[in-house]
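Since the structure comes first, as structure tokens, the remarks are kept for the end.
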2 protein chains.
Amino acid sequence: MGATKTEHFTDYQNHIAILAKALGHPARIAIIEYLMRVETCICGDIVNELPLAQATVSQHLKELKNAGLIKGSIEGNTICYCIDEKSIEKLIRYFSQITLELKTKSCC
Amino acid sequence: MGATKTEHFTDYQNHIAILAKALGHPARIAIIEYLMRVETCICGDIVNELPLAQATVSQHLKELKNAGLIKGSIEGNTICYCIDEKSIEKLIRYFSQITLELKTKSCC
DNA sequence: AAACTATATCGTAATATTGCAATATTAAAT
DNA sequence: ATTTAATATTGCAATATTACGATATAGTTT
């Protein structure tokens with residue numbers, strides 16, 4: 001016990017859950033907001049931006065990358081991280097569909 | 001160590017993270033989708049809908065409720081659970097803002 | 001090449017989450 | 001008042017996450 005029973009859910013449900021889970025930590029939200037704000041997307045500053053150790057930030061970046069929320073390309077010495085717009089758009093579409101569907105319901 | 005350092009992030013960042021985290025499990029996504037689909041929102045069927053024990057479903061419902069994603073009102077013997085549209089709209093607004101901001105950037 | 005810089009990975013401790021059986025609670029039906 | 005039905009809570013084992021120091025890796029600069 002203790003492990004999520006992913007096999008009992010659809011691929012789509014698991015996919016949305018993976019995206020949401022990756023965003024389910026304030027540090028990762030802060031990273032996304034930083035990448036959104038900043039002109040260039042050199043990573044170097046992310047560590048300085050966040051109140052966390054370098055190893056921890058690196059770990060959070062990895063999770064965002066695994067979920068497909070950010071892309072990182074090696075740029076010589078540093079790594080250019082940036083938001084993968086498509087994943088955010090996927091979430092917008094998903095949640096929009098929910099509110100749309102809810103409009104047709106009378107309940108609550 | 002091991003506990004999230006929420007105190008280092010803004011209330012808004014923490015709030016968005018809490019909403020996302022609550023949606024970061026396929027069972028809870030399945031619950032949201034079920035509540036979206038169904039006409040009435042009597043809870044009884046949720047347990048039968050999901051491949052999980054009653055206690056586990058109850059726990060997931062509690063987490064969705066704590067995050068503010070669903071509302072539950074006691075309806076005699078059963079409980080009427082339904083999606084709190086406002087929370088979903090909050091997420092749509094948040095993610096829309098991100099994509100909007102990204103359009104103004106050239107990077108990546 | 002040696003030193004420096006940026007990032008990743010490893011190991012590990014602290015804490016959180018997931019899942020369920022057993023039990024409790026509360027309202028409805030008999 | 002008992003029984004039944006629906007949901008919540010408790011306790012606990014298995015697993016995952018969070019955080020960080022130490023170390024590894026790889027490119028840059030000197």
Side-chain angles (χ1 to χ4, degrees), chain A residues 1-9 13-14 17-31 34-35 38 40-67 70-82, chain B residues 1-9 13-14 17-31 34-35 38 40-67 70-82:
Chain A
M1 273 157 259
T4 295
K5 293 186 155 186
T6 52
E7 69 276 13
H8 291 318
F9 301 98
Q13 285 170 339
N14 280 311
I18 283 169
L19 288 176
K21 190 176 185 177
L23 292 169
H25 191 291
R28 296 196 287 267
I29 290 290
I31 289 172
Y34 181 67
L35 289 178
V38 107
T40 83
C41 35
I42 305 303
C43 168
D45 312 321
I46 295 183
V47 173
N48 305 325
E49 267 292 299
L50 295 182
L52 297 168
Q54 183 266 324
T56 309
V57 174
S58 184
Q59 204 175 260
H60 282 307
L61 285 166
K62 192 179 173 185
E63 274 169 75
L64 285 169
K65 204 166 138 195
N66 284 344
I70 65 176
K71 300 177 285 192
S73 56
I74 296 161
E75 197 83 26
N77 209 10
T78 55
I79 295 192
C80 170
Y81 274 120
C82 57
Chain B
M1 273 159 260
T4 295
K5 293 185 152 185
T6 53
E7 69 278 13
H8 291 317
F9 302 96
Q13 285 170 338
N14 280 309
I18 283 170
L19 288 177
K21 189 175 187 176
L23 292 170
H25 191 290
R28 295 194 288 268
I29 290 291
I31 289 172
Y34 182 67
L35 289 178
V38 107
T40 81
C41 34
I42 304 304
C43 170
D45 312 322
I46 295 183
V47 174
N48 304 327
E49 268 292 299
L50 294 182
L52 297 168
Q54 182 266 324
T56 309
V57 173
S58 184
Q59 204 175 262
H60 283 306
L61 285 167
K62 193 179 173 185
E63 274 169 72
L64 285 170
K65 202 166 139 194
N66 284 344
I70 64 175
K71 300 177 283 191
S73 55
I74 297 163
E75 197 80 26
N77 208 11
T78 56
I79 295 192
C80 169
Y81 274 119
C82 56

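The chains referred to below are lettered A, B, ... by the order of the sequence lines, with proteins before strands, and numbering in each begins at 1. The model shown is predicted, which means the values in this text are computed figures rather than measured ones.
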How close do [X] and [Y] get, heavy atom to heavy atom, and via which atoms?
X	Y	result
A/L61	A/I70	O-CD1, 3.6 Å
A/K5	B/P51	NZ-O, 4.3 Å
B/Y81	B/L35	O-CD2, 3.4 Å

Original post:
Going by modelled atom types, is there a donor-acceptor pair between the base of D/dA8 and the side chain of B/Q54 at under 3.5 Å?
Top reply: yes

Looking only at side-chain N and O atoms, does [X] come under 4.0 Å of OP1 or OP2 in [N]?
X	N	answer
A/Y81	C/dA6	no
B/H25	C/dG19	yes
A/T56	D/dT18	no
B/H60	C/dT17	no
A/K21	D/dA16	no

Specify the separation, in whole Å, of atom [atom1] of [X] and atom [atom2] of [N].
X	N	atom1	atom2	answer
A/L23	D/dT17	CG	P	15 Å
A/L61	D/dT17	CG	C1'	16 Å
B/I70	D/dA8	CD1	C1'	13 Å
A/E63	D/dA19	CD	P	10 Å
A/K5	D/dA16	NZ	P	14 Å
A/L64	C/dT7	CG	P	15 Å
B/L52	D/dT7	CG	P	16 Å
B/I29	C/dT18	CD1	P	12 Å

**OP:** Would you classify B/K65 as touching base, sugar-phosphate or nothing, given that sugar-phosphate means primed atoms plus P, OP1 and OP2, and contacts are heavy atoms under 4.0 Å?
**Re:** nothing

**OP:** Indicate, with a heavy-atom threshold strictly under 4.0 Å, whether A/Q59 touches base, sugar-phosphate, or nothing.
**Re:** base

Where the side chain of [X] is concerned, which of [options] is the nearest nucleotide?
X	options	value
A/T78	D/dA19, C/dC20, C/dA6	C/dA6
B/I79	D/dT7, C/dA16, C/dA8	D/dT7
A/A55	C/dG11, C/dA22, D/dA22	D/dA22
A/K62	C/dC20, D/dT7, C/dT9	C/dT9
A/S58	C/dA8, C/dC20, C/dG19	C/dA8

Original post:
Quick one: NZ on A/K21 to OG1 on A/T4, what's the gap to the nearest 0.5 Å?
Top reply: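 Result: 5.0 Å between the selected atoms.
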
Original post:
5'-most contact on DNA chain D: A/T4 or A/A27, nearest heavy atom basis?
Top reply: A/T4

Original post:
A/H25 vs B/F9 aromatic rings, parallel, tilted or perpendicular, using cut-offs 30° and 60°?
Top reply: perpendicular

**OP:** Take B/H60 and B/L50 through the side chain to side chain contact (heavy atoms under 4.5 Å, CB included) test and state the conclusion after the steps.
**Re:** CA-CA 11 Å; B/H60 283 306; B/L50 294 182; 5.9 Å; no

